[in-house]
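Letters A, B, ... are given to chains in the order of the sequence lines, protein chains preceding strands, and every chain is numbered from 1. No hydrogens, no waters, no symmetry mates; every other heavy atom, side chains included, goes into these values.
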Number of protein chains: 2
Amino acid sequence: MNLNDINCSEYLNSSNSIFNILSNTEKNTLLKNHTLSSYKKNDVIFKEGEIPNSILCLIEGKVKILKKGVGGRSQILKMTKPIDIIGYRALLADEPYISSAIALEDTIICAFDKQELKELIHNNNDFAIKIIQLLSSELGFSNKKIVALTQKHIRGRLAETILFLKNTYGFEEDNCTLNICLSREDLANLSNMTTSNAIRTLSTFANEAVISVKGRKIKITDFKKLQKINDLG
Amino acid sequence: MNLNDINCSEYLNSSNSIFNILSNTEKNTLLKNHTLSSYKKNDVIFKEGEIPNSILCLIEGKVKILKKGVGGRSQILKMTKPIDIIGYRALLADEPYISSAIALEDTIICAFDKQELKELIHNNNDFAIKIIQLLSSELGFSNKKIVALTQKHIRGRLAETILFLKNTYGFEEDNCTLNICLSREDLANLSNMTTSNAIRTLSTFANEAVISVKGRKIKITDFKKLQKINDLG
DNA sequence: AAATTTGTATGTTTTTTAACATAAAATTAA
DNA sequence: TTAATTTTATGTTAAAAAACATACAAATTT
């Protein structure tokens, strides 16, 4: 899609957008001063340590949010899809980014000024409450992840990642192929394991007929068994 | 301290309280309908799965927030001190609790009605913004914890826990003894390791003269070395 | 098309951590 | 007080996961 074809107003009104409760005046204020950018696969959108100066709205594509640990290993904290907002936590906490955002495929992002967002929150209470709901549900998600990533074994962790990807991106038309293509390394960085272990465990799952793998396409062939592996940990 | 001696209004006005920006009218509304309860050490304040119906304010004592994982092992997600608020995440996300709260020592808690909190947020924008700041800084904390707990080795994780306890509860008058007493099991559950490993690693740190241990009292004797262990992971 | 780089697959070894076992010390209850 | 239970300490073994090594396939660059 070409940048010139993007109609941001349409995205603000979308049913999944947190902006859809804004008044027309508020939406227009946002739209008056927005920036559209496009990113190629693997482009860095923002980086750990940078100061946020706008709120980003993912119009098209997929973006991973990751944080590097001691050994330089990355942990993917979040996977986003249109029309999620990105990078608002650091902005709202008045902190530099503690994570980086990288495009997983060609991506279009609409940026609104930081100050305008803050004014919106300040003037529109329903919007503030939507942000509160967003943050508190994300915090719950993050807390659950702490326990899953630290306590489950490799098989359980990878199974959880596959089910998570299904919930986030859904299936293709065949109703069983994950609607996202990731490298084995990304799968590993989602699941807190080495790339080798992601590759090996993926092969094992395929041998056990839980999934089938063709390149980066993953089909879930035995959903119940996958859930069992996830539940057992 | 006796429950009858508690003056809740004093706590609402305290400089650490998120309630201190409220108007007198708002504070009085809160105070009109509050419940004080006291808990003994190890008492359960709320439990995973329960429905939150009030926001809890820790007036006195210390409380751990923990979540059980697959094998029944607990991960301590948060350590609280006066006058932190407790259990607000689930309440704000309109979800059941995903974690439990347990008193670490004799504790006094003041509960305000859920609905009143929601009305406050709805009517007082500055208060909503304070909640947003609280949630977003907690989310950052949680995300950092994901990476630390999954990527650091045992020594680094325990060092981080000790430094975290120092930051949260500070030192006693001697300027080196942690102002909190925890069982080895709690230290383990903070650091994502077995109790055996917490005991062993604590002994090693003591042998290396990084800390000194007397029962449950921990003294930091070599702060720089402890930070180095923490940084190395 | 050939060459180079990157990603995937799989076997082997080493490290880390958990599990298990036992005993002593410290609390708590009878 | 004694007895029982819980907590701490430490040694040993077993399991899980990382690290390493190598080969092959796929994608990219030249």
Side-chain angles (χ1 to χ4, degrees), chain A residues 40-43 64 69-75 102 104-106 147-161 181-208 211-218 229 232-233, chain B residues 40-43 69-75 102 104-106 147-161 180-208 211-218 229 232-233:
Chain A
K40 294 263 156 226
K41 191 176 168 176
N42 294 324
D43 279 357
K64 62 181 170 184
V70 273
R73 246 172 76 205
S74 297
Q75 173 67 45
I102 294 176
L104 286 164
E105 45 187 66
D106 294 357
V147 179
L149 287 180
T150 56
Q151 299 201 10
K152 283 184 171 182
H153 284 178
I154 280 195
R155 285 169 59 87
R157 268 149 38 209
L158 186 64
E160 177 156 328
T161 290
C181 288
L182 291 176
S183 67
R184 305 294 194 264
E185 190 182 1
D186 279 338
L187 286 172
N189 291 343
L190 273 165
S191 316
N192 179 34
M193 62 185 67
T194 56
T195 307
S196 295
N197 274 327
I199 291 169
R200 215 183 297 268
T201 311
L202 216 58
S203 300
T204 314
F205 283 177
N207 282 333
E208 293 169 353
I211 60 173
S212 89
V213 178
K214 197 172 185 179
R216 292 187 177 181
K217 289 274 179 200
I218 297 176
I229 296 171
L232 284 176
Chain B
K40 295 263 155 224
K41 191 177 170 177
N42 294 323
D43 278 357
V70 273
R73 245 173 74 206
S74 296
Q75 173 65 45
I102 294 176
L104 286 164
E105 46 186 66
D106 292 357
V147 179
L149 287 180
T150 55
Q151 298 201 10
K152 284 185 170 182
H153 285 178
I154 279 196
R155 284 170 60 89
R157 271 157 25 217
L158 187 63
E160 177 156 329
T161 290
I180 182 171
C181 287
L182 291 175
S183 67
R184 306 293 194 264
E185 190 182 0
D186 279 338
L187 287 172
N189 291 343
L190 273 166
S191 316
N192 179 34
M193 61 185 67
T194 55
T195 307
S196 296
N197 274 326
I199 291 169
R200 215 183 296 269
T201 311
L202 216 57
S203 301
T204 314
F205 284 177
N207 282 333
E208 293 169 356
I211 60 173
S212 90
V213 178
K214 197 172 187 180
R216 293 186 177 181
K217 288 274 178 200
I218 297 176
I229 296 171
L232 284 176

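Between the CG atom in A:L158 and the CD1 atom in A:I211 there is a gap of 7.0 Å [rounded to 0.5 Å].
Just one of B:L187, B:D186, B:L149 meets the side-chain contact (heavy atoms from CB on, under 4.5 Å) condition when paired with B:T161; it is B:L187.
For B:D43 (side chain) and B:K40 (main-chain N/O), a donor-acceptor pair under 3.5 Å exists by modelled atom type. The main-chain N or O of A:Q151 is never found under 3.5 Å from a side-chain atom of B:R73 such that the two would form a donor-acceptor pair.
Using a 4.5 Å heavy-atom threshold, the side chains of B:D106 and B:K41 count as touching. Side-chain atoms of A:K64 and A:L182, non-hydrogen and from C-beta on, never get closer than 4.5 Å to each other. Residues B:R184 and B:V213 have side chains in contact (heavy-atom distance under 4.5 Å, counting atoms from C-beta outward).
For B:R184 and D:dA9, the shortest distance from a side-chain N or O to OP1 or OP2 is below 4.0 Å.
Residue A:S183 is the one, among A:S183 and A:R200, whose nearest nucleotide of DNA chain C lies closer to the 5' end (criterion: closest heavy atom). Each of B:H153 and B:R216 was assigned the nucleotide of DNA chain D with the nearest heavy atom; the assignment lying further toward the 5' end belongs to B:R216.
In this entry the distance linking CG of B:N197 with C1' of D:dA15 reads 13 Å, nearest Å. Separating the CD1 atom of A:I199 from the P atom of D:dA26 is a distance of 14 Å, rounded to the nearest angstrom. Here D:dA16 presents its P atom at 16 Å from CG of A:L158, a figure rounded to the nearest Å. Atom CG of B:D186 is separated from atom C1' of D:dT7 by 12 Å (rounded to the nearest Å). What separates CG of B:L202 from P of D:dA9 is a distance of 7 Å, to the nearest Å. Between B:K41 atom NZ and D:dT6 atom P there is a gap of 14 Å when expressed in whole angstrom units. Atom CG of B:L187 is separated from atom P of D:dT8 by 9 Å (rounded to the nearest Å). Note: CD1 (A:I154) to P (D:dA15) measures 16 Å, nearest angstrom.
At the heavy-atom level, B:S196 lies under 4.0 Å from base atoms of the strands shown. Here B:R157 lies in heavy-atom contact (under 4.0 Å) with sugar-phosphate atoms only.
Put simply, chain A comes within 4.0 Å of DNA chain C, heavy atom to any atom, from C:dG7 to C:dT12, going 5' to 3'.
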